[in-house]
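Okay, structure first, notes after.
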Amino acid sequence: MASPVEQALGVLVATFHKYSGKEGDKYKLSKQELKDLLTKELPTFTKQSNEGDLQKIMGYLDSNSDSEVDFQEYMIFVASLAMICNEFFQDYPNKLPRDV
Ligand SMILES: [Ca+2]
Ligand SMILES: [Ca+2]
């Protein structure tokens, strides 16, 4: 039985591939694939975002400017979100979203 952290790592990898495999390069997220991932898997973070915001996020994440987000670029994004969550929640651990 995988521990919660092991499960979380598996979910991060599986989520990337669930979206990256929909069109074009199956190991990279196109703009549309990234948009689907952000809106469906991170609704709390993206519900206030408009199309322009999503385009900006794509620009920030695509550090090698090939118009796709590869796994490394995605993980840098996930790590950044984790750091934001840590800063936000470190003084309020009881407010962390939990469903594990
Ligand atoms: Ca793809
Ligand atoms: Ca890229």
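For ligands, and for the atoms within them, numbers begin at 1 and follow the listed sequence.
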The Ca ion (ligand 1) - closest N/O/S atom in E33: OE1
Considering only N, O or S atoms of D62, the one closest to the Ca ion (ligand 2): OD1
statement: OD1 (N64) to the Ca ion (ligand 2) to OE2 (E73), nearest 10°, is 70°
query: Taking the N/O/S atoms of D66 one by one, which is nearest to the Ca ion (ligand 2)?
result: OD1
- line: Separation between CG (L38) and OG (S49), nearest 0.5 Å, reads 8.0 Å
task: To the nearest 0.5 Å, tell me how far E33 CD sits from H17 NE2.
output: 11.5 Å
Name the atoms and distances for all side-chain donor-acceptor pairs under 3.5 Å in residues 74-81, with sequence neighbours left out.
| residue | atom | partner | partner atom | Å |
| --- | --- | --- | --- | --- |
| Y74 | OH | L12 | O | 2.8 |
| S80 | OG | I76 | O | 2.7 |

- prompt: Is the distance from the Ca ion (ligand 1) to some N, O or S atom of K28 under 3.0 Å?
  reply: yes
Spatial distance of atom CG (L37) from atom CZ (F16) [nearest 0.5 Å]: 8.5 Å
- prompt: Is the distance from the Ca ion (ligand 1) to the nearest N/O/S atom of Y19 under 3.0 Å?
  reply: no
- prompt: Which atom, among the N/O/S set of E23, is closest to the Ca ion (ligand 1)?
  reply: O
message: Taking the basic N atoms (NZ, or NE/NH1/NH2) and the acidic carboxylate oxygens, is any pair closer than 4.0 Å for K18 and E41?
response: yes
field: Short side-chain to backbone donor-acceptor contact, N86 and Q90, under 3.5 Å
entry: no
message: Quick test of your reading of the model: are K28 and E73 salt-bridged, counting only N-O distances below 4.0 Å?
response: no
- request: Would you name the N/O/S atom of E68 that lies closest to the Ca ion (ligand 2)?
  value: O
D25 near the Ca ion (ligand 1): N/O/S under 3.0 Å: yes
